[in-house]
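Working notes, structure below.
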2 protein chains.
Amino acid sequence: MQGNIKKTVPEPTLKRLPAYLHYLQKAREEGVLNISAPAISKVLNCDPTQVVKDISFTGAKGKPRLGYNTYELIHAIESFLGFHRTSEAFLVGAGNLGSALMSYQYLKSFGLKIVAAFDIDPEKIGQQKGKINVLHIDKLQDLAVRLKIQIGILTTPVEVAQEVADKMVKCGIKAIWNLTPLNLSLPEHIIIQNTSMYSNVVVLLKKLHDLEKHNNNP
Amino acid sequence: MQGNIKKTVPEPTLKRLPAYLHYLQKAREEGVLNISAPAISKVLNCDPTQVVKDISFTGAKGKPRLGYNTYELIHAIESFLGFHRTSEAFLVGAGNLGSALMSYQYLKSFGLKIVAAFDIDPEKIGQQKGKINVLHIDKLQDLAVRLKIQIGILTTPVEVAQEVADKMVKCGIKAIWNLTPLNLSLPEHIIIQNTSMYSNVVVLLKKLHDLEKHNNNP
DNA sequence: TAGATTGTTAATCGATTAACAATC
DNA sequence: TAGATTGTTAATCGATTAACAATC
């Protein structure tokens, strides 16, 4: 299978594609039939050649001078990113952050469906958030195995994050979206996606402070 | 001022330093007086030379064989990241995500203090979340100017994100932490820190799908 | 002293940007 | 045809990793 060497997609590309998609969908609604990479780059304020390169990973083909067929490009990005198939996930930790994810309707359009949430707080158990039931954590193992859940979303307090993650792995969960700031220790074969919001705070404040310093010593 | 050429810190370094700090603080509590880069790297599961390099940006000095003085290193990282000074911020959008940030006590330890939140929902206005008052958006401009707020946190629905961001800029806010998936169009001099959680979902699902594909064609 | 670790410089790696031929 | 845009290859840039001397 010689010609079948698929280059691994750079993660930055993977993160930019949904932004293109979002704009393309808006353009489609407005009846735009063709769209060029430079046009996208202008709206999203990024480099046009980068847009071309990113798109090339999806396999979409454009025409010089004309650009890409809007409908085809949308379809190419969606199927490349796997938006057409839906993966089911369990969420543990039905606090504010967990509730935010449960209420976030667009998750489904990315191919992620939260089918149940778990907590230990008796007040939360039995509630519904965004049409998702909150169950007692004790039911996690049994349900995860039965439903063959592969994805776990971790929105617990830091203190119990490792413990819950271990539990997820025991249930056969293969990928964990970790929204706690903790660095989880898990078996090699488990996919971990860390999303720690506070590291963004650090970057933001550093930029602001550097700006101030610069303004004082022009 | 020749010798004063400060190299710009790589953003990845900036994001890793808080993780080191977290572990160091735990070590300090346990009475560990000295700690080496390889020791940190083992716990956080990363490269030891990278830890050394990251630390070097903070200006902390270690001793061969011994490592770094725990207390000094903590202090160096904290002051390098600006954790000792507190910047005040306004948050707009007191929904689940906004509430999560308001209740997240550790934000203060990173040097960010949310002093007030704003919304338009009458039910939310007047409430307190994590000791922070939720006010009507109409009060934003006046208060921001009076308190000289420099940082805005954007946790509104996507639909109004641009509008609110524009309002923030008008109030003299210099930096915006954007937690909506929208690509904001703002003046050049405004610092924007985008934190779109859903792009992480895309990466996670791609990894999972690629793994499955790989398992099917071994 | 011997050996582990720091700290710096060089090599590698990967992503972004530039260059340019092909083409609609 | 002329000119803008695709698509690919090469050059640049920046971050990570490796190498190694200094040193406690």
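Residue numbering restarts at 1 for every chain, and letters A, B, ... go by the order of the sequence lines.
Rounded to whole Å, atom P of C:dG14 lies 16 Å from atom CG of A:Leu14. Atom CZ in B:Phe57 sits about 16 Å away from atom P in C:dT6, given to the nearest Å. Computed from coordinates, the B:Asn34 CG to C:dA4 P distance equals 18 Å when rounded to whole Å. Rounded to a whole Å, the CD atom of B:Gln50 is 19 Å from the P atom of C:dT12. As rounded to whole Å, 18 Å separates atom P of C:dG3 from atom CG of B:Leu66. Between B:Asn69 atom CG and C:dT5 atom P the separation is 17 Å, expressed in whole Å. Per the geometry, CG belonging to B:Asp47 stands 13 Å off C1' belonging to C:dC13, to the nearest Å. Summarising the geometry, the separation between CZ on A:Arg65 and P on D:dG3 is reported as 10 Å, rounded to the nearest angstrom.
Applying the 4.0 Å criterion to OP1 and OP2 of C:dT16, one finds that A:Arg16 has a side-chain N or O inside that range. When the side-chain nitrogen and oxygen atoms of A:Tyr68 are compared with OP1 and OP2 of D:dG7, one or more of them lie within a distance under 4.0 Å.
In terms of position along DNA chain C, the nucleotide closest to B:Ser36 lies nearer the 5' end than the nucleotide closest to the other residue of the pair B:Ser36 and A:Pro10. The nearest heavy atom of DNA chain C to A:Lys53 and to A:Pro64 marks one nucleotide each, and the one closer to the 5' end goes with A:Lys53.
In this structure, D:dA15 forms a base pair with C:dT12, meeting either the Watson-Crick or the G-U wobble geometry with both donor-acceptor distances under 3.5 Å. The nucleotide C:dT23 finds its pairing partner in D:dA4, both defining distances of the Watson-Crick or G-U wobble pair being shorter than 3.5 Å.
The distance between the ring centers of A:Phe90 and A:Phe118 falls below 6.0 angstrom.
With hydrogens and angles left out, the side-chain atoms of B:Asn34 and B:Tyr68 include no donor and acceptor closer than 3.5 Å. Counting only N and O atoms by type, the side chains of A:Thr86 and A:Lys113 include no donor and acceptor under 3.5 Å apart.
Of the listed nucleotides (D:dA15, C:dT5, D:dG7), D:dG7 has the atom at the smallest distance from the side chain of A:Val52. Distances from the side chain of A:Pro38 to the nucleotides D:dT16, D:dT5, C:dG7 place D:dT5 closest.
B:Arg85 has a carboxylate O that lies under 4.0 Å from a charged side-chain N of A:Glu212, or vice versa, which qualifies the two as a salt bridge.
Partner of A:Ile137 under the side-chain contact (heavy atoms from CB on, under 4.5 Å) criterion, out of A:Thr156, A:Asp119, A:Val92: A:Val92 alone.
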